[in-house]
Amino acid sequence: MSDRWLSVEEIGEYLGVSKDTIYAWRNKKGMPAHRIGRFWKFKAAEVDEWVRSGQAAEADDNEPKDAHES
């Protein structure tokens, strides 16, 4: 994947989760995101590092169901 900015839909597709899960991870787990105007944008390399760091795997009783799907 190139180094371009990804939308919520694109980063969700990249990770295999829904938009709702992306928003929940951004709000509750500190998923790296950048606000550009009214849109949230993501860099795949930053998200990959966040996942590798283990922060995405931390338990959260309120996260959407598909957050644990592969």
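Each residue takes its place number in the sequence, starting with 1.
Sequence neighbours left out, the pairs with a member in residues 32-42 that pass side chain to side chain donor-acceptor pair (under 3.5 Å) are His34-Glu46.
In terms of heavy-atom proximity, Lys29 sits nearest to Trp50 at O-NE1, 3.3 Å. When all heavy atoms of Phe42 and Pro32 are compared, the pair lying nearest together is CD2-O, 3.2 Å. Heavy atoms only, all atoms of each residue included: Arg26 and Ala33 are closest at CD-CB, 3.7 Å.
Between the side chain of Lys43 and the backbone N or O of Asp3 there is at least one donor-acceptor pair closer than 3.5 Å.
Residue Leu15 holds its CG atom at 5.0 Å from CE of Met31, rounded to the nearest 0.5 Å. Taking CG of Asp48 as the start and OH of Tyr14 as the end, the distance is 3.5 Å to the nearest 0.5 Å. Note that OG of Ser18 and OH of Tyr23 are 10.5 Å apart. Values are rounded to the nearest 0.5 Å.
Both Val51 and Leu6 belong to a single network of hydrophobic side chains, linked directly or stepwise wherever heavy atoms of I, L, V, M, F, W or Y lie under 4.5 Å apart.
By the side-chain hydrogen bond (donor to acceptor under 3.5 Å, both in side chains) test, Glu13 is found to be paired with no residue, residues two or more places apart in sequence or in another chain being considered. When the side-chain contact (heavy atoms from CB on, under 4.5 Å) test is applied to Glu49, the partners found at least two apart in sequence or on another chain are Arg52.
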